[in-house]
Visitor: 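Right, I'll just put the structure down here and ask away after.
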Amino acid sequence: MWFTEYWYLIVSVAVFVLLPFVLTTLAKRYVFRVVHLQSAVNRQVMGADRAERVLRTGQPAVAMVLESYDTAMRVERIYILVRLKLQVQPEGGLPAFETELVAPISPVKLADFAPGRSVKLRFDPVSREIAIDQPMR
């Protein structure tokens with residue numbers, strides 16, 4: 001039989017054909033894992049889960065931007081993470097309070113969050129967590 005004499009050629013051809021397939025599959029799995037982790041980190045940095053809950057259940061308020069700082073960090077290479085110091089005035093006669101928030105803001109909308117500007121938001125009266133309720137992107 002010819003394949004018993006040339007078994008080393010059959011094995012080397014099989015390795016040569018299967019190796020790129022295996023490496024490509026492993027590379028795809030690695031890339032998908034990295035993209036998923038990056039997405040999870042971006043959501044955590046932006047506080048998306050907390051903000052979604054506050055936007056759903058929070059009470060409306062208006063805040064005056066007291067200070068605005070660029071944190072020198074970017075999300076998805078576009079959005080600027082800005083630290084905002086806000087004077088929150090809740091609707092319904094609740095007392096005003098000051099708080100800080102780091103929010104991802106588009107460079108196009110950055111002027112809307114300059115000191116002295118008013119910002120619509122929602123807040124949780126118990127924990128005083130806030131979420132901006134106007135376009136940031």
Side-chain angles (χ1 to χ4, degrees):
M1 293 283 174
W2 66 272
F3 54 85
T4 57
E5 291 180 32
Y6 300 107
W7 63 269
Y8 55 90
L9 290 176
I10 296 170
V11 170
S12 61
V13 167
V15 167
F16 184 73
V17 169
L18 290 176
L19 188 61
F21 175 74
V22 170
L23 291 177
T24 304
T25 304
L26 291 175
K28 284 180 183 177
R29 293 177 84 192
Y30 177 74
V31 167
F32 288 139
R33 186 174 297 143
V34 168
V35 168
H36 176 71
L37 286 174
Q38 184 180 17
S39 175
V41 167
N42 285 345
R43 284 185 63 79
Q44 185 176 9
V45 165
M46 294 189 313
D49 297 334
R50 178 188 51 79
E52 288 172 3
R53 180 184 55 79
V54 173
L55 284 173
R56 237 183 9 259
T57 63
Q59 296 180 358
V62 176
M64 175 72 69
V65 178
L66 301 175
E67 296 174 4
S68 165
Y69 299 105
D70 184 355
T71 63
M73 295 186 339
R74 303 293 181 261
V75 176
E76 298 174 5
R77 294 189 198 174
I78 298 172
Y79 304 109
I80 302 168
L81 283 179
V82 178
R83 180 177 301 279
L84 300 170
K85 186 173 183 181
L86 303 168
Q87 174 75 32
V88 179
Q89 181 60 51
E91 293 179 3
L94 295 172
F97 62 93
E98 285 188 14
T99 188
E100 287 191 5
L101 172 71
V102 176
I105 300 174
S106 169
V108 175
K109 297 287 188 179
L110 202 54
D112 294 344
F113 297 92
R117 300 293 299 258
S118 292
V119 177
K120 292 189 317 186
L121 52 86
R122 291 189 166 275
F123 80 105
D124 182 358
V126 175
S127 66
R128 291 196 170 176
E129 291 179 327
I130 63 171
I132 296 175
D133 193 18
Q134 72 182 41
M136 296 184 293
R137 299 178 180 191

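Side-chain atoms are counted along with the backbone in the values below, which use heavy atoms only and exclude waters and symmetry mates.
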Visitor: Once you round to the nearest 0.5 Å, how far does CD of Q38 lie from CZ of R33?
Guide: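 Output value for this atom pair is 15.0 Å.
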Visitor: Are P107 and I80 close enough that some pair of their side-chain heavy atoms sits under 4.5 Å apart?
Guide: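 Result yes, sub-4.5 Å side-chain heavy-atom pair found.
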Visitor: One pair to check against side chain to side chain contact (heavy atoms under 4.5 Å, CB included): T99 and F123. What are the steps and the verdict?
Guide: CA-CA 11 Å; T99 188; F123 80 105; over 6 Å; no
Visitor: Let's go through R53 and D124 carefully: what are the C-alpha distance in whole Å and the side-chain angles of both, what is the deciding distance for salt bridge (charged side-chain N to carboxylate O under 4.0 Å, His left out) to 0.1 Å, and is it a yes or a no?
Guide: CA-CA 9 Å; R53 180 184 55 79; D124 182 358; 3.7 Å; yes
Visitor: Can you confirm whether E100 sits close enough to L84 that some side-chain heavy atom of one is under 4.5 Å from a side-chain heavy atom of the other?
Guide: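 No, side chains not in contact.
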Visitor: Are side-chain heavy atoms of Q59 and L94 found at a separation under 4.5 Å?
Guide: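 A side-chain contact under 4.5 Å exists here.
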Visitor: Going through the distances and angles, do F113 and Q134 end up as a side chain to side chain contact (heavy atoms under 4.5 Å, CB included)?
Guide: CA-CA 11 Å; F113 297 92; Q134 72 182 41; 3.7 Å; yes
Visitor: Can you tell me if CZ on R74 sees more than 12 non-hydrogen neighbours from other groups inside 6.0 Å?
Guide: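 Yes.
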Visitor: How long is the straight-line distance from CG of L101 back to CD1 of I130, given to the nearest 0.5 Å?
Guide: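 The CD1 atom of I130 sits 4.5 Å away from the CG atom of L101.
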Visitor: Please round to the nearest 0.5 Å and tell me the distance separating atom CG of L86 and atom CE of M64.
Guide: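 These two atoms lie 10.5 Å from each other.
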Visitor: Pair I132, K120 - check side chain to side chain contact (heavy atoms under 4.5 Å, CB included), show working.
Guide: CA-CA 6 Å; I132 296 175; K120 292 189 317 186; over 6 Å; no
Visitor: Would you check if Y69 and V82 make a side-chain contact, meaning some heavy-atom pair closer than 4.5 Å?
Guide: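 No, too far: nothing below the 4.5 Å cut-off.
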Visitor: Output the distance between atom CG (L121) and atom CG (L55), rounded to the nearest 0.5 Å.
Guide: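 Separation between the atoms: 9.5 Å.
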Visitor: Linking I/L/V/M/F/W/Y whenever their side-chain heavy atoms sit closer than 4.5 Å, directly or via other members, would V54 and I105 fall into one cluster?
Guide: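 V54 does not cluster with I105.
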Visitor: Looking at P90 and A96, what are the two nearest heavy atoms and their distance?
Guide: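 Heavy-atom minimum between the residues: CD-CA, 4.0 Å.
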Visitor: Is there a side-chain contact between L81 and V75, using heavy atoms and a 4.5 Å cut-off?
Guide: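 Sidechains of V75 and L81: in contact.
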Visitor: Does the pair D133/R122 count as a salt bridge with the N-to-O cut at 4.0 Å?
Guide: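 Result for this pair is yes, salt bridge flagged.
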Visitor: Within a strict 4.5 Å, meaning less than it, do heavy atoms of the V65 and K85 side chains meet?
Guide: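 No - every pair of side-chain heavy atoms lies 4.5 Å or more apart.
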